[in-house]
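Read through the structure below, which is laid out as structure tokens, and then see the notes.
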Amino acid sequence: MKKNNQEEDKITFKNLRRLYFFALLTIAVTIIVSQILVQYNLNQQLSDSKIINFSGKQRMLSQKIVKEVLILHYVSDTASSKQISHLKGVLSLWKKNQNALENGNDSLAFPKEKSETLHKLYLEINPIFNKIAQTTDSFLLNLEQKKSTENQKLVQIILENEGFFLSKMNQIVTQYDLEAHEKVTEQRKIEYWIFGFTLLILLLEFFFIFKPTNKKIERLITRLLSSEKKALKLAYDTEIISEIKENSVKELKSLNYAMENTLLYCRIAPDGSIIHIGEKFAKLINYTKFSSNKKFSEVLTTDEKEQLNIDRIIFEKHRSGWQGEIKIINKESQTIWLDLSMVPVTIKKEELELLIVCFNITERKKAQREVERLNIENSTEKINQQKIISSKIVENQENEQNRIAKEIHDGIGQMLTGLKFSLESINLDDKEKAAQKIEYLKKLSLDIIKGVRTATFNLMPPELSDHGIVSSLAKLTQELSKLTGKEILFYNKTDFNQRLDSLIEINIYRLTQEAINNAIKYAESSHIIVQLSHSGTLLSIIVDDNGKGFDINAVDKKRNSESGMGMLFMKERIQYINGRVFFKSIPGEGTRITFNIPI
């Protein structure tokens, strides 16, 4: 099959060479022929333009001869030899050019053969030309012989023939120009034919040579690329196999070294006797050649209970395998914890071994015990902290109750006592004083109502249960601003109007109230701004003040201080509703407290 493909490829390449040679040869011949024709016609055009130029020059020379004759005859009194010589030169050039035009000239590339029309025109102009030439020669001869009186007749003959000569020369020039134009037109047609023929050849070569050749080359290149891929893959696979073989040998050596020096492993028989033990494992359990007759359990630990436990595991699990943690005591009475895995391995038919792989987890056990100890300490500290928080909460509740009782006793109670005495002292007979006391009692009643509302507002604002957190916070800032005289503003930046769970709302309210009270009581601020915003999953409340600020790290360390407990209460309270609180304060500039609550 391969030989047939090779023979076919050889034939294909031979045919390709022949076809390309033929195509290139055809194009080359076409270009050469076209170039020859173009150059020939260009030469013809150059010759025609030169002939036309010479024909025009002949008219100019004939006029110059007439002019010189008239000057010599009528203007000059005496003809100088220089003037005569100049006229002879012009006459000689005129004759020479006329002869070249009529009979052809190789040096000037004037053709001898002419068209029938030109030949006829030259036959017609020839007598006129000869007449002018002969008359001019006679005129010059008379001048030289000082026979000027005879020249009048000769000048008249020259003037009579000059017009006919110019007329015929105009016809000759026109005929030359016409024939040159016909040649150019013919050349253009030939060029078009050559151009069309070239395009036809290129088109035929494209369809019958280049296109089939391109398909053959594509198939050939595809086969070559496929063969190259197969060869590269074969070479790559061979190289990979060789590398794998080398790497396998290296890995086996490395694995053996690693197992001996880094892994705690050994091989034992199902009865517990040691077949082989790694160097690192041997160092750990102080295994030497003097211990070679002992069982694995005896080498592993000196504790008899642990030895019996290990022997039991080997007996029960030598077919299924086992994994677990065991505690051993070495000869130095050191306690070592091992994560031991026992894997049954079949070496030959009905010949079983156990592969023991261990990891020394003594440090991990120590770390676990340390973590447990720290957890106990942290739990104890947290319980103590919780006790402090609970005692502070109880203390705050007592203080709040005392404050409310004092407000009721000192404020509302005294006003009610005053109301009672005022009512008892009204004398209805004295209508003027009775009216004054009634007005006073009305004012006192309004003050009592205001005091009751203030006390109940501090306990549980009705706005919270009736209208929700937004309305209650707006009311809180408004009331506190009136009571304290400070500028306390509330902004609902995202027009939040949802109702939340009552537990969440009361905690948000108390947190905001605590933050504002801290700003009033401790920060000595004059401006407090409360901002509420929300997203699809989060409600955020920011309390900013322009107070004196504080060092957060220093306060956080002083858990027993009043400010430190305030931060702790906020953190504990917001955890009840799965929220988070953030404190940011700069001494001398102010404080920002941010509450983020999921919704």
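The first residue in the sequence is number 1, and the count goes up from there.
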Side-chain donor or acceptor of Asn309 paired with backbone N/O of Lys305 under 3.5 Å: no

Polar side-chain atom of Ser585 near backbone of Phe550 as donor-acceptor pair, under 3.5 Å: yes

Check: Glu325 and Arg364 side chains under 4.5 Å, non-hydrogen atoms: yes

Side chain proximity check, Ile593 to Val581, heavy atoms < 4.5 angstrom: yes

Side-chain heavy atoms of Thr591 within contact of Phe583, under 4.5 Å: no

CZ/Arg580: more than 12 non-hydrogen atoms of other groups inside 6.0 Å: no

Donor-acceptor contact below 3.5 Å, side chain Thr302 vs main chain Ile329: yes

Asp271 and Ser273 side chains, donor-acceptor separation under 3.5 Å: yes

Heavy-atom donor-acceptor pair, Asn546 side chain to Ser526 backbone, under 3.5 Å: yes

Student check: side-chain heavy atoms of Ile528 and Leu480 closer than 4.5 Å: no

Side chains of Gln323 and Asp339 in contact at under 4.5 Å (non-hydrogen atoms): yes

side-chain contact (heavy atoms from CB on, under 4.5 Å) partner of Ile597, chosen from Leu500, Asn507, Ile508: Ile508

Side-chain (Ser226) to main-chain (Thr222) donor-acceptor, under 3.5 angstrom: no

Non-hydrogen side-chain atoms of Phe595 and Met570 separated by less than 4.5 Å: yes

